[in-house]
Amino acid sequence: MKLAYYPGCSSQSTCLELGASMAQVAPRLGLDLIALESASCTGSREIRAANRDLFLALNARILAQAGALDLPLMTVCNTCTLNLLDTRKALAEDSETRSRIGDVLGELGLVYRPEVEIDHFLWVLLERVGAGRLRELIVRPLSGLKVAAFYGCHLIRPQHHYGFADAREAHMIEDLADILGCESIDYIGRTECCGFHTSAESEKVAVGLAGRYVRSASECGAHTLVTPCPLCHTVLDAFQGQMSEQLKTNLDLPVLHLPQLVGLALGLKPADLELSRHAVTVELGID
C-alpha cells in the first residue's frame, strides 16, 4: 500500500524515536511510505495567528506535493493533520484566497490539490490496514498491558472535521488497543488538551493540566499512556518531573508513541523502537 508521507517536524527533531519507530513499523504493515522530503512545517498553530496566508500556503504546498504523486497523504501528528484539514476547508470556502494561494504555488511550479486524502496513521491502521490484517500480523499479543489512550485535541476537535457529535465519544485508540491485546483504562483526561500550545505562554499552566491527567491514568492502573501526537508526547513525557514537583507526587508513567505500541505487538524490540530516548523510563516487561 503506497502512501505519501508527511513526517512533520517533531519526528525529525524533538521526537526522533517517532520517526525511527514509524520506519520500522511501516514495512511490517505493508505500507510503502513516500516521504515528502522537501515539505516544510505546517506552521503549528502559531504561524496561523501571525500570517494566515503564509499558513495556508505552507499547507497547500504539502497537499500539492502529495497530489503530484497521486497518493493519499499520511501524517503522524495531530496538529499537522488539523492544519491540513483546516487549509482544505478554508480554501474550499473562499475562492479569492484560493486563487491567491494558487498563484503562490504556481510560482513554485506546483498546483493545489484539494482532492488529496488526508490520513493520520491511526486512521490508516484501522481503515486501510484493517482489524483483520492487523490481527494476522501480531507476533507478540500485548496481553496484560494496561493502556491509557491520550487523544489530544487536534485529532478529535473541531468536531466538524471528524464527525463526532461529542469528541469524548472517540474510541479509535481503544479499538486498536483491543486488536493488539491490550486492556484499555478509562481515566480523567483521555480526550482533553495536553497544554502544549499553552506552554508557550505559561509552562506552569500546561504542566498543571497535563499532570492531572497523568496522575489520573496512573491511579486508575495504567502501565503506559499512548498518544498519536508528538506534541502531546512532549508534554506528557518530558514534563513529568515538573508535574511531580507541582502536584507533590511521584509520577513515573511511560508514554508511548502510537507506532511504538503497534511495533511491540508486531514483534519489534524496544531498542528497534528507540524507547530509551524517552524522558520517563519505559519498563513494560517486554524484551
Side-chain angles (χ1 to χ4, degrees), residues 8-19 21 41-50 76-83 120 122 146-158 167-168 170 173-174 184-261 274-284:
C9 300
S10 295
S11 71
Q12 302 176 87
S13 55
T14 54
C15 294
L16 285 171
E17 69 281 359
L18 171 57
S21 59
C41 175
T42 64
S44 190
R45 301 301 275 178
E46 286 71 24
I47 288 181
R48 173 194 184 113
V76 287
C77 172
N78 291 12
T79 298
C80 295
T81 304
L82 178 60
N83 285 344
H120 188 284
L122 175 59
K146 297 181 179 180
V147 170
F150 190 90
Y151 284 86
C153 298
H154 295 161
L155 203 63
I156 53 176
R157 300 183 186 88
R168 290 169 295 185
I173 299 175
E174 286 85 354
S184 291
I185 300 299
D186 194 14
Y187 69 104
I188 296 171
R190 57 184 287 278
T191 60
E192 300 302 327
C193 176
C194 73
F196 178 88
H197 299 283
T198 303
S199 66
E201 176 66 25
S202 174
E203 194 170 282
K204 182 178 179 180
V205 171
V207 167
L209 279 171
R212 291 200 296 271
Y213 310 148
V214 175
R215 180 174 62 187
S216 174
S218 183
E219 289 175 347
C220 289
H223 297 145
T224 181
L225 283 159
V226 61
T227 180
C229 182
L231 305 187
C232 294
H233 188 279
T234 295
V235 174
L236 297 169
D237 180 51
F239 287 4
Q240 271 197 50
Q242 293 163 256
M243 295 174 195
S244 295
E245 290 179 11
Q246 188 170 322
L247 296 173
K248 295 180 172 54
T249 188
N250 183 30
L251 297 176
D252 190 29
L253 186 63
V255 186
L256 297 182
H257 296 284
L258 192 64
Q260 290 177 323
L261 181 71
E274 298 198 11
L275 295 182
S276 62
R277 286 186 52 85
H278 293 216
V280 177
T281 302
V282 181
E283 293 180 348
L284 301 174

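Since the model is a prediction, treat every value here as computed from it, not as a measurement.
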Is it the case that the side chain of [X] and the backbone of [Y] share a donor-acceptor pair, with hydrogens and angles ignored and the cut-off at 3.5 Å?
X: Thr81; Y: Cys77; result: yes
X: Ser218; Y: Val214; result: no
X: Gln240; Y: Leu253; result: yes
X: Ser216; Y: Ile188; result: yes

List the atom of [X], the atom of [Y], and the distance in Å for their closest heavy-atom pair.
X: Gly195; Y: Ala206; value: O-CB, 3.2 Å
X: Ala148; Y: Ala222; value: CB-CB, 3.8 Å
X: Gly211; Y: Met243; value: CA-SD, 3.5 Å
X: Arg215; Y: Thr249; value: CD-CG2, 4.4 Å
X: Cys232; Y: Gly152; value: SG-CA, 3.6 Å
X: Val207; Y: Gln246; value: CG1-OE1, 3.4 Å

Atom pair [atom1] ([X]) and [atom2] ([Y]), whose distance is rounded to the nearest 0.5 Å:
X: Asp237; Y: His233; atom1: CG; atom2: NE2; value: 4.5 Å
X: Lys146; Y: Ser184; atom1: NZ; atom2: OG; value: 12.0 Å
X: Thr42; Y: Ile47; atom1: OG1; atom2: CD1; value: 8.0 Å
X: Leu256; Y: Thr224; atom1: CG; atom2: OG1; value: 3.5 Å
X: Cys220; Y: Tyr187; atom1: SG; atom2: OH; value: 9.5 Å
X: Phe196; Y: Glu203; atom1: CZ; atom2: CD; value: 10.5 Å

For Thr191, all residues meeting side-chain contact (heavy atoms from CB on, under 4.5 Å), sequence neighbours excluded: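 With sequence neighbours excluded, Thr191 shows a side-chain contact (heavy atoms from CB on, under 4.5 Å) to Tyr151, Ile156, Arg157, Arg168, given in chain and number order.
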
field: Heavy-atom neighbours of Leu16 CG exceed 12 at 6.0 Å
entry: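 Yes - once you tally the heavy atoms of other residues, nucleotides and ligands closer than 6.0 Å, there are more than 12.
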
task: Test Phe150 against Cys194 for side chain to side chain contact (heavy atoms under 4.5 Å, CB included), laying out the working first.
output: CA-CA 9 Å; Phe150 190 90; Cys194 73; 3.7 Å; yes

query: How about His278 and His257: are their ring centroids closer than 6.0 Å?
result: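 Yes, ring centres under 6.0 Å apart.
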
task: Run the salt-bridge test on Arg190 and Glu174 with the 4.0 Å N-O cut-off and return the result as yes or no.
output: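 Yes, Arg190 and Glu174 are salt-bridged.
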
If you define the side chain from C-beta out and look only at heavy atoms, does anything of [X] sit under 4.5 Å from [Y]?
X: Pro228; Y: Asn78; answer: yes
X: Leu122; Y: Leu155; answer: yes
X: Ser10; Y: Leu231; answer: yes

field: Pair Cys15-Thr234, side chain to side chain contact (heavy atoms under 4.5 Å, CB included): steps then yes or no
entry: CA-CA 8 Å; Cys15 294; Thr234 295; 3.7 Å; yes

- request: Take His154 and Thr79 through the side chain to side chain donor-acceptor pair (under 3.5 Å) test and state the conclusion after the steps.
  value: CA-CA 6 Å; His154 295 161; Thr79 298; 2.8 Å; yes

Between Glu274 and Gln260, a side-chain donor and acceptor under 3.5 Å: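 No.
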
- request: Take Val76 and Leu18 through the test side chain to side chain contact (heavy atoms under 4.5 Å, CB included) and record every step on the way to the result.
  value: CA-CA 8 Å; Val76 287; Leu18 171 57; 4.1 Å; yes

